[in-house]
Amino acid sequence: MEGPVIELTDLTKKYGSFTAVGNLSLSVDKGEIFGLLGPNGAGKSTTILMMLGLTEPTSGTLRVCGINPTTNPVEVKRKVGYLPEDVGFYEDYTGFENLMYTARLNSIPPREARERVMHLLERVGLSGEESKKAGKYSRGMRQRLGLADVLVKEPEVIILDEPTLGIDPRGVNEFLALIKRLSREEKNTVLLSSHHLHQIQTVCDRVGIFVGGHLIAVGDIDTLSRELFPHEPMVIKAGVSLDDIYNRYFEGYEKQR
């Protein structure tokens, strides 16, 4: 499709007097890996729920793959794969059986489903683990299985909401590298939500900083550094975490509010 794959315009979600998301405008292009960065409670998950048609905006407009999720939630779900922070599987089913069940739900013919499932298990690094019960999978293995589950229906857009929570550092690096590789090879558009700057910068083409329900800055890491510190020189050395940049700006923003 031409134009942005994800387009949000003045999107607002209120719960009574509380504004969870306020006047959010954002566009994500085809094939882009975009990161939503912000602390817990910033409004990232609420934004994702609106994009999936799982909650209605109070005002504003949104389009995902050219479709309005509020009026056509089923059509959006056919084109979007969603991986939440805690993936639910049938614990007594094997990894293979869980993916085959998802394939059946998406009306994929049995022979094609089997070939696709085995291919995806190999792609996500679970080849040889397909006969193990999902209840016996580690946290990292469950997230890999979740990514395969998302890819079964061959979505145009993949939305990942805090997908690395509870995974050890090595597993996090492997999972992020897997996301980046699959996105580049499959040409998927990816929206990744996280509160870890170093994870976002590892895989994302652009980043949007989300604070208090508002998108306060958008760009790549270099662009954001110039925007956040326009009057200060910045030197980044090996061994210094870029999380310091984010924490420093967030504290300053909170004091100004």
Side-chain angles (χ1 to χ4, degrees), residues 1-8 11 24-39 42-45 47-52 62-67 69 76-77 79-85 87 120 123-125 140 143-165 167 169 171-210 215-227 241-243 245-246:
M1 61 174 291
E2 298 296 330
V5 175
I6 298 172
E7 190 165 20
L8 316 178
L11 193 64
L24 171 61
S25 293
L26 172 69
S27 65
V28 180
D29 294 330
K30 181 177 177 61
E32 185 175 21
I33 305 178
F34 188 91
L36 276 184
L37 175 68
K44 305 187 302 297
S45 293
T47 299
I48 288 172
L49 292 178
M50 288 190 283
M51 291 170 56
L52 294 169
L62 65 164
R63 291 285 187 278
V64 180
C65 299
I67 303 167
V76 166
K77 290 178 178 65
K79 293 180 176 292
V80 178
Y82 172 52
L83 181 65
E85 63 182 74
V87 189
L120 287 172
R123 293 292 302 280
V124 301
Q143 291 304 95
R144 287 173 177 267
L145 186 63
L147 187 55
D149 189 74
V150 163
L151 294 170
V152 163
K153 62 181 177 181
E154 298 182 333
E156 294 181 26
V157 176
I158 299 173
I159 297 178
L160 310 171
D161 192 3
E162 299 283 3
T164 61
L165 288 181
I167 304 178
V172 167
N173 291 334
E174 291 175 350
F175 187 78
L176 293 175
L178 176 62
I179 290 171
K180 189 169 185 177
R181 187 177 79 247
L182 289 175
S183 173
R184 297 305 184 226
E185 292 175 357
E186 304 295 335
K187 309 301 182 184
N188 295 116
T189 301
V190 177
L191 182 74
L192 172 62
S193 164
S194 178
H195 60 273
H196 295 292
L197 176 57
H198 70 278
Q199 294 182 14
I200 289 288
Q201 81 171 111
T202 298
V203 297
C204 295
D205 302 309
R206 286 192 302 140
V207 179
I209 296 181
F210 226 60
L215 188 68
I216 59 174
V218 180
D220 57 32
I221 295 297
D222 289 340
T223 300
L224 289 178
S225 297
R226 290 192 296 270
E227 288 184 7
S241 171
L242 285 179
D243 277 333
I245 299 173
Y246 171 68

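All values reported here derive from a predicted model rather than from experimental measurement. Along the sequence shown, residues carry numbers from 1.
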- Query: Do the non-hydrogen side-chain atoms of I6 and S27 ever get within less than 4.5 Å of each other?
  - Reply: no
- Quick one: does V152's side chain get under 4.5 Å of L120's, heavy atoms only? yes
> Thinking salt bridges, do K79 and E156 make one under a 4.0 Å N-O criterion?
Replying inline: yes
Would you sort out whether L145 and V87 count as a side chain to side chain contact (heavy atoms under 4.5 Å, CB included), showing the intermediate values?
CA-CA 9 Å; L145 186 63; V87 189; over 6 Å; no
Task: Any donor-acceptor N or O pair under 3.5 Å, side chains Q143, T164 - done: no
Separation between NZ (K180) and CZ (F175), nearest 0.5 Å, reads 15.0 Å
Item checked: E186 and R123 ion-paired at < 4.0 Å -> yes
Minimal heavy-atom distance between Y82 and V150, with the atoms involved, is O-CG2, 3.5 Å
CD1 of I158 to CG of L83, rounded to nearest 0.5 Å, is 9.0 Å
For N188 and L182 the tightest heavy-atom approach is OD1-O, 4.0 Å
(message) Measuring only between side-chain heavy atoms, which start at C-beta, is L197 closer than 4.5 Å to L37?
(response) yes
| Flag, side chain of S183 to backbone of I179, donor-acceptor distance under 3.5 Å | no
task = Kindly indicate whether the side chain of D220, heavy atoms from C-beta on, has any atom under 4.5 Å from the side chain of Q201.
result = no
### Task
Could you go through the side chain to side chain contact (heavy atoms under 4.5 Å, CB included) check for D29 and E7 one step at a time?
CA-CA 9 Å; D29 294 330; E7 190 165 20; over 6 Å; no
The residue among I159, I33, D161, L160 that forms side-chain contact (heavy atoms from CB on, under 4.5 Å) with L191 is I159
One should read off an interatomic distance between M51 CE and I67 CD1, to the nearest 0.5 angstrom, of 12.5 Å
I want to check something: taking the side chain as every heavy atom from C-beta on, are V5 and V28 in contact at a cut-off of under 4.5 Å?
no
CZ (F210) and OG (S194) are apart, to the nearest 0.5 Å, by 14.0 Å
Any side-chain heavy-atom pair of I200 and H195 under 4.5 Å: no
Side chain to side chain contact (heavy atoms under 4.5 Å, CB included) between T47 and K44: does it pass, once the steps are laid out?
CA-CA 5 Å; T47 299; K44 305 187 302 297; 5.8 Å; no
| task | Go through the steps for L11 and L62 under the test side chain to side chain contact (heavy atoms under 4.5 Å, CB included), then give the verdict. | result | CA-CA 7 Å; L11 193 64; L62 65 164; 3.8 Å; yes
Minimum side-chain heavy-atom gap C204-L192 below 4.5 Å: yes
Heavy-atom closest pair (P163 atom, S193 atom, distance to 0.1 Å) is CD-O, 3.8 Å
Checklist entry - Does a side-chain N-to-carboxylate-O contact under 4.0 Å join R184 and D205? => result yes
Backbone of V124 reached by a side-chain donor or acceptor of R144 within 3.5 Å: yes
